[in-house]
Amino acid sequence: MPARLNPPASASLPQFLMGIEGGATHTGVIVTDMSGRELLQFSDAAANQRLMSDRELTDLFRTIAAKVSAAAPALAAMCIGLAGTRTDAHRDRIRRLAAKVWPGTPCVATNDLETALAAEPVKKEAVARVLVLSGTGSCCFGRSAKGTTAKSGGRGHILGDRGSATDIGQRGLRELMASYDHTGRWPALGAAVLDTLALNEPEDLDTWAIEAGKKEIASVAIAVFHAAEKGDRLAAKILRDAADALVLDGLTCARRLTKAGEKVQFIFNGSTLLKNPEFSAKVKKGLRAGCPGAIISPLSRSSVWGAVELARALASASPIPKPKGRKALSGLQTPREVSIPELTQLAASPTEQRNPRSLHLDTMPL
């Protein structure tokens, strides 16, 4: 997506906030002034911090910094939310690498679930909020008014991602092959799946499945949704089962955060939910059955705005540190309401530097 740039009204520094959110398909970046006026927005490559080396992640940050520098010469605070961020060590790593690119800038490091939840305004009557995310993958993540969190799903397409496009694709393939093995007849849904994958025979799926990646498996969901719209019973069953699995994850989060009768705000995000109204309606029905009176709505704006909100909370909680040579701080204590683990780091820790005696290891004999 091309960058959109509106020149800032004032040159006083620092006066800008930056939110970065990386996921399976792309990384979104937004820069605003302190009042929340958008100055710059663009997308970059996908970013899952668990799948990227230090060099790859640092290079991504440098690419972003180069695009941002003209609009925001200095940042009051920033937030980086990346898929695959689960532990303090993961957050520590993000801040450490960010400090190499933006030394002295207070930084919140978190995951793309926290940013999505922060993007949506809080409903005052809700005791807890639960993000129900279903795209290529899936996950449910909730937070109570007291700051307690709960998570269900999001463990990848082998162990989790229940109710996602990948899950629907896997369910579709398994149901097709089971029906074919048991009856000797190829279901009508099978023709649509073969057409989607550009395959000729049911047996071709054996080889294809061995080599298929997550996104390729998720593409099978397209055929399942189209078949269900045309009244295919097998496709409809697959979608019901997937919706029930997603509902169970959402209700699990809600029950861990609330008592019986307390109101929950469910926030939908992800293309599988947002672009398939009938599937979304099935999930809504299941959530309302388990949480009567629940408030359910789609995310009202891009989830990367949540990263901007977390950056704003950090900027308002602490004064901006003044860098002092190589001892510039890379982050400040995070405010309690942001509920992100606290950590202050040095921008150039000696333990993170190359040992000069190891620079020529590749040329030495065994």
Side-chain angles (χ1 to χ4, degrees), residues 17-21 23 28 30 32-38 76-81 85 91 106 108-135 138-154 246-247 249-270 273-274 280 283-284 286-288 290-318 333-342:
L17 303 170
M18 179 168 67
I20 300 174
E21 183 188 74
I30 292 180
T32 74
D33 61 18
M34 297 303 289
S35 69
R37 183 171 68 97
E38 180 186 313
M78 60 188 292
C79 171
I80 304 175
T85 303
R91 289 180 278 269
V108 177
T110 185
N111 54 60
D112 55 342
L113 301 173
E114 286 274 10
T115 53
L117 199 61
E120 189 67 16
V122 178
K123 298 293 184 182
K124 293 182 180 180
E125 61 269 37
V127 174
R129 300 192 302 154
V130 176
L131 174 72
V132 181
L133 171 66
S134 176
S138 70
C139 189
C140 293
F141 174 78
R143 181 182 295 282
S144 72
K146 296 179 181 179
T148 305
T149 62
K151 182 173 175 291
S152 184
L246 191 59
V247 167
D249 278 346
L251 293 177
T252 296
C253 286
R255 288 164 183 166
R256 289 174 179 170
L257 299 172
T258 62
K259 298 177 182 178
E262 291 182 330
K263 187 157 291 189
V264 180
Q265 178 185 3
F266 290 100
I267 302 162
F268 284 6
N269 196 27
L273 272 173
L274 301 184
S280 180
V283 177
K284 284 182 182 179
L287 292 174
R288 286 204 169 101
C291 280
I295 305 167
I296 305 175
S297 62
L299 191 66
S300 59
R301 57 180 177 173
S302 174
S303 55
V304 68
W305 277 102
V308 175
E309 295 304 323
L310 292 174
R312 186 191 313 283
L314 179 59
S316 64
S318 303
Q333 181 171 313
T334 305
R336 291 181 181 271
E337 58 268 30
V338 179
S339 299
I340 310 296
E342 302 171 2

Ala119 and Trp305 have their tightest heavy-atom pair at CB-C, 4.3 Å
* To do: Considering only NZ, NE, NH1 and NH2 on the basic side and carboxylate oxygens on the acidic side, decide whether Arg312 and Glu309 come within less than 4.0 Å.
  => yes
Heavy-atom nearest pair, Gly142 first then Leu257, reads C-CD1, 3.4 Å
Residues at least two apart in sequence or cross-chain that pass side chain to side chain donor-acceptor pair (under 3.5 Å) with Thr115, listed by chain then number, are Glu21
Sequence neighbours excluded, the answer for side-chain contact (heavy atoms from CB on, under 4.5 Å) partners of Thr85 is Gln49, Leu82, His90, Arg91, Ile94, Asn111
Residue set satisfying side-chain contact (heavy atoms from CB on, under 4.5 Å) with Lys263, at least two apart, ordered chain then number -> Glu125, Ile295
message = Any non-hydrogen side-chain atom of Ser303 less than 4.5 Å from a side-chain atom of Asp112?
response = no
Practice item. Mind running side chain to side chain contact (heavy atoms under 4.5 Å, CB included) on Val132 and Val130 for me, showing each step along the way? Key: CA-CA 6 Å; Val132 181; Val130 176; 4.3 Å; yes
*Given side chains that start at C-beta, do those of Ile296 and Arg288 come closer than 4.5 Å, heavy atoms only?*
yes
When rounded to the nearest 0.5 Å, the distance separating CZ of Arg256 from OG of Ser144 is 13.5 Å
So OG of Ser300 and CD1 of Ile267: to nearest 0.5 Å the spacing works out to 8.5 Å
Scanning both residues in full, the closest heavy-atom pair of Ala254 with Cys291 reads CB-SG, 4.0 Å
Smallest heavy-atom separation, Cys140 atom then Cys253 atom, equals O-SG, 3.4 Å
Closest non-hydrogen atoms of Lys151 and Cys139, given as atom of the first, atom of the second and distance, are CE-SG, 3.6 Å
- Basic-acidic side-chain contact under 4.0 Å: Glu120, Arg301: no
Between the CG atom in Asn269 and the OG atom in Ser302, the distance rounded to the nearest 0.5 Å is 8.5 Å
Taken in chain and number order and not counting sequence neighbours, the residues that satisfy side-chain contact (heavy atoms from CB on, under 4.5 Å) with Ala118 are Leu310
d(Ser316 OG, Met34 CE) to nearest 0.5 Å is 7.5 Å
The side-chain contact (heavy atoms from CB on, under 4.5 Å) partners of Val283 (sequence neighbours excluded) come to Ala243, Leu246, Val247, Phe268, Leu273, Phe279, Leu287
In short, salt bridge (Lys or Arg N to Asp or Glu O under 4.0 Å) pairs touching residues 126-135 with sequence neighbours left out are none
*asked:* Working note: Phe141 + Ser152, criterion side chain to side chain contact (heavy atoms under 4.5 Å, CB included); need CA distance, chi angles, decisive distance, verdict.
replied: CA-CA 7 Å; Phe141 174 78; Ser152 184; over 6 Å; no
Separation between CG (Leu133) and CG (Leu299), nearest 0.5 Å, reads 10.0 Å
CD of Gln265 to CG of Leu117, rounded to nearest 0.5 Å, is 8.0 Å
What one should report as the nearest heavy-atom pair of Ala307 and Cys79 is O-CB, 3.0 Å
